[in-house]
Structures are given as structure tokens and as C-alpha cells.
Amino acid sequence: MRISRRRATLAMLLTAALFATVVAAAGARPARHAKEGGTLTVALAEDPDALDPTLARTFVGRIVFLAICEKLYDLNSKLKIVPQLAAALPKVSKDKLTVTIRIRKGLKFNDGTPLDAQAVKISLDRHRTLTGSRRASEISAVTSVDVVNSTTVALHLNEAFAPLTAQLADRAGMIMSPAQLDKLGTRFATNPVCVGPFQFVDRQALDHITVKKSPFYYAKNKVHLDRIVFRIINEPTAAAAALRAHDVDVIDRISPTVLQTIQSDKSLHVVKATSIGYQGITINIGNKNGLLRLPYQQMSTDLASKATIRQAFELAIDRDLLNKVVWRGLFLPGCGPIAPTSPWFDRSSRCNKHRDLKKAKQLVARSGVRNPTVKLMIGNDSDGLRLGQFIQSQEQEAGIRVDLQPTEFVSSLRKADNGDFDAFAIGWSGRVDPDGNIYQFVATRGSQNDSGYSNPRLDVILNNARHATTAKARRTLYRAAVRLIRSNRPLIYLWHGVTRHGVSNKVTGVTVYGDGLVRAEFASFK
Amino acid sequence: MGGFILRRVGAALVVLFLASVVVFAGIRAIPGDAALALGGEERSPEVLAQLRHKYGLDDPIVVQYGRWLWLALHGDLGSDSRELPVAHTIVSALPRTLELAGLSLLIGSLIGIVAGVVAAVRRGKPSDYLSNGIALIGLSVPHFWLGLLMIIAFAVKLHWLPSGGYVPLRVDPVENLRHMLMPAIVLGTGLSAVVMRQMRSAMLESLGADYIRTARAKGLSEWTVVGRHALRNSLITVTTVIGLQLGALISGAVITETIFQIAGFGRLTIDAVNQRDYALIQGVVLVAAAGYVIVNLTVDLLYSVLNPRIRISGRPG
């Protein structure tokens, strides 16, 4: 049978159209319209402290603030800083000493009062000056705040300070309702009012925090839930059981011990992100008389006095094996203060995740120290003990004896500040700007330099990185800083955490970035 | 009777004062700086100094105690680490623990008394051995294990009861009971074993007494002999045990509250100690000490009601 060319062409076109339709239909995901309304229950692993942006200190409190207190700047999923209450990224003057921030128009606090430049000034001044403010040191470079006009503020600095925008993308950038501050003063935490998709309803210590959808929020159409109840469940097994029983919809930071139970439940899924923080071992090199009692003096311990012993100590640890044995392979082995998920991560840096036992043994022999001994302060919980015992066994093979000192957390901080330790296994939750992960721990005047490490060259590099305004210049400086730290080892970095959060399949829109915070404010039920 | 009560109340006030002094000094003797706990990740010396000043931690301990006592006597227990009023936090947590302890006491006492009476009356028979066996299990099984087992069975698998949390009685009585049932059973199990053992011994002693033989000789029914004569006398011993166990129940509630996520007194105390939350610890201990004193006082008064001889001997001669 002969088919005319025109017919053949038509048939081909029809077939192609049909095929395209089928492929498109197969490829397209079923449209998941967000269901409006409902109460989302989020289990928090700890009870937040004060719900006052000036006084707040806990990680978990930041999860609640995401719902009720927005900031001048925020992070996007790639951890880049983007405007939130501000209209654009800040403008820095030529002398780098004035930062001008333009505020979005038409914003309202959750009490219905308008957010303007005066309100921003009041909050920033409170962060800077209130007694006991946890924000004061974060924005210590700011000497005064001026209202330029109703939507613009100017921040005057005593020195150029590049990490400022990153600080304003966290609690230091949260703006509180002046009317509520007038009303409650230092009791603001009892009924916090900011700009946010939700407004505070009530709180019962160790039980719950309830927030409800705000009628004043500028992007109401993005908010689908009526309420979010943050329930405090600080026992991992109980949290997992509550999620499996569907008493809660989301759990914050699943403990490795219950992860498998949640993963095997088909009605749940897990969202995860690699933390911008790190875990490591701080070595006491010069903290003889206590934190910031300058000048630091060289300690006489084996680990402090011999750089080769510190190098051997690090080479004896197999980071990859540590992750598998101690953490069931759930974390990401690492060698520096900046995680690979950070936009500031230096991809040219090398990290040997495996040990070099032969070289470690040679270094111990070359050091001239017979039977070097290290007292390692660890947490007094099961995780701390597992970590300590692993390091102890690895070091033993290299000829380094490790005495474990399990210590309760607050006591361990006290001992670390007093310089009463050789080595201390401790981590840092991480900040989006590299300065927040490095300066305070290894700069001579760093507020948490428990190592007592003092290197004038590193100080110059870190201070220049604070003053530099281009990302390229800062990147170069941090690369040099990390190399110096890794060769001198006041801190031996071991891994970056990976936070995992359990979510019911009935819920959509729960996300988590590298800062590890569960973002559920724009979630909805399916 | 009035003098008896006055003496007891006076002693109670002395106990409360001493308890507050011991706790005030004791909590400050725990290693670790409260300012470090309050500072969180912020550890710059300037901020820590400000925190010490804000919470008065840089004053001599006597000055701190005097200030706290003065404010406490005026009903102000300060603010906790959440910047919430301590009194409000305690008042919110207390009913949860009291309800849990009360329900556990009820469940434990009922099971224990009935099982104890049955075991004594049917001494040496299978029901006696069964009661003893159950008591042994009740004493041996750890609360956290039994709690988790019940959560898996009734919340995760069967979805009959919530896995934890709390709904106030005034908000929804049915939901309140559904939330409290599992924790009360878990906490009451241990108590029922103790009560059962005590009840059985006391009943055996009573049943062997002369007045019981007399009652039987008078032709009273076994129900009247056991229920009206033996049981009433045996209850004196058991009431003491139950009174003393209330303290243990409140202490034991810490584990049960943790497993069932009830923001009660026990969980609050542990959290306060971990956070070095001095204001909250002091408030909690003061209230706990007051609770112990009141319970002991109540038990003493109950003695005198149940046993007239105590009331008579309590009178001045």
C-alpha cells in the first residue's frame, strides 16, 4: 500500500505530537496544591531559651524565630545572603566606615504597627547596649545608628567590618516592635512581637510554643498553615515514637540511634543538610593562666611543646573510619573550619581523610619524647565516650597515650576557659561568614581562643579579612589563614555534622539549609 | 490537737528554711560557671561579666541568699533562663506532676491493696503466688522500658493513645485522661508492688490477732471480719507507706515525664540543673520541700484520725 508523502508527513507529526504529550504527561509531577489551613506540630530537640532576639543564645530558638521574627537579611538555600526586611544588600561607603541599609516599604509588625527606620534603630541600639545582650559582641564594630529617612538607616563603624551583613542575617538583624518593647521592656520574651509569617500565642516551659498565622505579614499568600505548635521533646526515642505515631509532623535533628527506625517507616521521610559548623579537638598551646589573660604562655605538655607530636596526633586519626565507627557514617569527615557546603569553602584545599600511621610513628620517634601522653577532655555522654575511646585506640597504635577525661558540658567550658586541659573535643555550630568560624577561636584576642594560640601573622591575615570588602580578597586571605591553622594545629578539625530531620509524608514544604534550621513556616499539608 | 498542729507547722517552717539554705549553697558548689551556661555559645569575658552582674552572681553568696529570700517572701522567685517568671513556670508544671502522681497513687494503691488483701486471705494458694509474682515484676521492671513498650504498642502500632504530651483537664477532660493513662500506669506499677507487699504483711498480722478471732467467734461474716476489722487496722501501716511513696512517686516521675514528654516538675528540675538555672532550681526545691513537709504533716494528721490512741497520746498530760 502506498502512502502519499503528505499523509506520511501528517502521520509523523501526529505521532510526534502524541509522543510529546505522553512524555510531557509522564514527566510532569502531579500538581501538589498546598492545602490551606491546619496545625503543624514540630518537635524541637531542646527547649529554646528567651524568645528575645537580643538575649537569645540557643540554636533551637532560631527555629522558632524563623516563624515569628524576620531579619534585615536572610540566607538562601545556597547560603548566600539575601535581603529580607531590607530592600537591598547594604551599601558601604568608600572609607568602609558607614553602612547604609534601605528598608522595605509597607511592612507591619505583628501588632499592626509599622516597621520604619526608627524601629530598626531602636532594635539595633538595644542589641548593642542592653545589659546581658548576646548580640553586642556580634555587632561591636557599630558605634551608632542614624535614621537617614523613614526607610533608610546608616550604621557607623569604628573599623571596616565585612562580616556585618552576615551578622544582620541572624538574630542581630531581627527587628522588634518598638510598641511592644515600650510595653514589656526586658520582659519582651514573654510576648515577642516582630515581623513574621506567624505571631506568638503562648508558651509553656519544656512543653510547647504556639504561633498562629499573622494577619499583618507582607506575604500572606505564601503562608498556608493556621498554626505551628513547637513541642519540646528532648528524648530522641520519644521524639521518634511521636513522629511514628503521627502525634507530631516534623522532628528536629534525628538522633543517629533512631534514624533507622524513621527511615524504615514508609509514612515518613528524612530531609538533611550538611552543617556549616565543625567538630574538632582544641589543643591547649598557650592557655596557662586563663582565656584572654595575655600574653599567652607556652604550655609544657607534650602536645603543646612539640609541633611534631601534634602532627603525629592528627596523622594517627583516620577521619573516615571515625565517621563510620563512631557515627555510623552519618557525618562528613573534614579538615578545616569551613564546610564544603559553604560558599566560602576552598575547593583547592586537600583533606586526607585517612590516617598515615607510619609517618605518625616516625614523628613520635623523631620528637624525642618517650611515651607522649595527652589528657583528652570529652563529653560525659555516650557519644563523647565513643569518640574518646576511638581516638584513644588510634593514638595508642602511634605510640601516643590518651587519658580520657569525661566532663559535664558546662564544667568542661569552665575548665577550657581556665586552661585546665591538654586537648578538648568540642565543636561549633557554625556561622555563614568564615570570620564567625575562625576569628574567635584562633586569633590572639579571640573570645573563645581556649587554645591560647597567638600567631601575629595569622592575626594580621584575619584582621585584613575583616576589613577587606571584595569576596575575592577575603577568599584569598581565608585560604592563607586556614593553611596556617592546619600547619600549626591549635585546633584539629575532624568532621562536619549532617543534620537530619524527620517529616511526615502528609506535609510538604519543610526545608533545611546548611545552617541546620528546620524551615517550616511556609510548609503545608498535602 | 491545736498544739500538736502548731508544733508540726513550726517544725515545717524550720525544715523549709534549712532546705533553702542547703540548696542555695549546694547548687553553687556544682562545678561549672552559671554565666557560661547562660552565655551559650557567647563566651566573651565582657558578656560573661555582664551576665554575672545581671543575675547578681558577682555578689557574695550571703548577699545573694538574702536578696533571694527577701524577694521570695514577697512572692517573687525571679526569672528563669527563658526570661519567664519562675513562679509562673512552677505553677504551670506542678499540676501536671501532681495529677500524674495522684493518678499513679490511685492506680497503684487500688491494685496494691486489692492484691495484698487477696494474697493475705488466700495465703499459700495460687492467687497468693500470682499476686507475689506480679509484685516482683512490678518492682523489677524499669519505668523507661515499660513506658517505651507501652508507647510502641498503644501509640505507634495501635494508635489508641497519644505517645505523650499533656492536655490540661480544664481544656479537655477526655483528652487529659487519654494522655495521662499510660504514664500513670507506668508510674503506678512500682507503687502497686510496694503497697501489695505491705498490705499482705499487715493483713496477715491483723488476721492472726486476738480481736479477729473474737470477731469470728461472735459469728461475724468473713466479709465483715476482713473488710471492717482487719483491713481498717492494716490500712494504718499502708497509709504510711503510701504517704512516703508519694515522695518517691514525684522523684520517679522524672523518668516517666521524660518518656511521655510531660512538662512536669521532675523534668523541669533536671533541665534547670543542667542549665545551671539558679533561680528555677531554688524555686523548684522550695516548692518540693514544701510539698514533702505538707505530705508528712497530712500523714501525721491522718494517723490521728485512723488511730485514736495517737490522738490521745498527743494531748498534753
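Order of the sequence lines sets the chain letters (A, B, ...), proteins ahead of strands, with each chain counted from 1.
- For A:Asn418, no part lies under 4.5 angstrom from a heavy atom of chain B.
- Listed by sequence position, A:Leu55, A:Arg57 are the residues of residues 54-63 of chain A in contact with chain B, using a 4.5 angstrom heavy-atom cutoff.
- For A:Leu413, the parts sitting under 4.5 Å from any heavy atom of chain B are the backbone and the side chain alike.
- When each of B:Arg267, B:Gln50, B:His88 is checked for heavy-atom pairs under 4.5 Å with chain A, B:Arg267 comes out on top.
- Remark: the B:Gln261 side chain and the A:Asn234 side chain contain no N/O donor-acceptor pair separated by less than 3.5 Å.
- Under the 3.5 Å distance criterion, the side-chain polar atoms of A:Ser411 are left unmatched by any main-chain donor or acceptor of A:Thr407.
- Distance check: B:Leu84 CG to B:Thr89 OG1 gives 5.0 Å after rounding to the nearest 0.5 Å.
- Only the side chain of A:Asp47 comes within contact range of chain B, with at least one heavy atom under 4.5 Å from a heavy atom of that chain.
- Neither the backbone nor the side chain of A:Glu46 comes within contact range of chain B, judged by heavy atoms closer than 4.5 Å.
- Under 4.0 Å is where a charged nitrogen must lie from a carboxylate oxygen, and between B:Glu175 and B:Arg178 at least one such pair does.
- Ring geometry for B:His74 against B:Trp70 counts as tilted: the plane angle lies between 30° and 60°, on a 0 to 90° scale.
- A:Tyr296 and A:Asn287 get closest at one heavy-atom pair: CD2-CA, 4.2 Å.
- The stretch residues 75-82 of chain B places B:Ser81, B:Arg82 near chain A, each with some heavy atom under 4.5 Å from a heavy atom of that chain.
- No more than 12 heavy atoms of other residues, nucleotides or ligands lie within 6.0 Å of CZ in A:Arg293, so this atom counts as exposed by the packing criterion.
- Using a 4.0 Å cut-off between a side-chain N of Lys or Arg and a carboxylate O of Asp or Glu, A:Arg231 and A:Asp247 do not qualify as a salt bridge.
- No other option in A:Asp265, A:Leu51, A:Thr131 has as many heavy-atom pairs under 4.5 Å with chain B as A:Thr131.
- Between the side chain of A:Gln204 and the backbone N or O of A:Asp207, no donor-acceptor pair lies under 3.5 Å.
- In this structure, chain B has heavy atoms under 4.5 Å from both the backbone and the side chain of A:Arg244.
- For the atom pair OG (A:Ser140) and CG (A:Asn158), the distance works out to 7.0 Å, reported to the nearest 0.5 Å.
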Open item on the list: With side chain to side chain contact (heavy atoms under 4.5 Å, CB included) as the criterion, how do A:Ser447 and A:Phe441 come out once you've worked through the C-alpha distance, each side chain's angles and the decisive distance to 0.1 Å?
Closed with: CA-CA 7 Å; A:Ser447 62; A:Phe441 302 100; over 6 Å; no
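- Annotation: cation-pi geometry not satisfied between B:Arg276 and B:Tyr278 (NZ/CZ under 6.0 angstrom from ring centroid, within 45° of ring axis).
- A:Asn437 places a side-chain N or O within donor-acceptor distance of the main-chain N or O of A:Ile276, the cut-off being under 3.5 Å.
- Judged by distance alone, with hydrogens and angles left aside, the side-chain atoms of A:Asn449 form a donor-acceptor pair with the main-chain N or O of A:Ala443 at under 3.5 Å.
- A:Trp428 contributes atom CH2, which lies 5.0 Å from atom CD of A:Gln448 (distance to the nearest 0.5 angstrom).
- For the options A:Pro48, A:Ala43, A:Ala205, heavy-atom pairs under 4.5 Å to chain B are most numerous at A:Ala205.
- For a heavy-atom cut-off of 4.5 Å, chain A lies close to B:Leu148, B:Ile151, B:Ala155, B:Val156, B:Lys157, B:His159 in residues 142-159 of chain B.
- There is no contact between A:Ala136 and chain B, counting heavy-atom distances below 4.5 Å.
- Residues of residues 52-66 of chain B lying within less than 4.5 angstrom of chain A, judged on heavy atoms, are B:Arg52, B:Lys54 in numerical order.
- Summarising the geometry, atom CD1 belonging to A:Ile209 is positioned 7.0 Å from atom CZ belonging to A:Phe200; distances are rounded to the nearest 0.5 Å.
- The distance from the CG atom of A:Leu40 to the OG atom of A:Ser504 is 9.0 Å, given to the nearest 0.5 Å.
- For A:Arg431, the part lying under 4.5 angstrom from a heavy atom of chain B is the side chain only.
- Across B:His179, B:Glu257, B:Glu99, a single residue satisfies side-chain hydrogen bond (donor to acceptor under 3.5 Å, both in side chains) together with B:Tyr166, and that is B:Glu99.
- Side-chain polar atoms of A:Asp202 and A:Thr210 form a donor-acceptor pair below 3.5 angstrom.
- Under a cut-off of 6.0 angstrom, the local environment of CZ in A:Arg445 is sparse, with at most 12 non-hydrogen atoms contributed by other residues, nucleotides or ligands.
- Between atom OG1 of residue A:Thr282 and atom CG of residue A:Asp450 there is a gap of 6.5 Å, rounded to the nearest 0.5 Å.
- Counting heavy-atom pairs under 4.5 Å between each of A:Ala242, A:Ser412, A:Gly446 and chain B puts A:Ala242 at the top.
- Distance alone, capped at 3.5 Å, is enough to place a donor-acceptor pair between the A:Arg135 side chain and the A:Pro53 backbone.
- If you tally non-hydrogen atom pairs under 4.5 Å between each of A:Glu408, A:Glu138, A:Arg187, A:His246 and chain B, the highest count goes to A:Glu408.
- The greatest number of non-hydrogen atom pairs below 4.5 Å with chain A, out of B:Gly165, B:Pro162, B:Ser163, B:Gly264, is found for B:Ser163.
- For A:Ser133, the part sitting under 4.5 Å from any heavy atom of chain B is the backbone (N, CA, C, O) and nothing else.
- Looking at A:Leu130, only its backbone comes within 4.5 Å of chain B, counting heavy atoms on both sides.
- Under the 4.5 Å side-chain criterion, counting only non-hydrogen atoms from C-beta, A:Arg134 is in contact with B:Leu51.
- At distances below 3.5 Å, not a single donor-acceptor pair connects side-chain atoms of A:Asp435 with backbone N or O atoms of A:Pro163.
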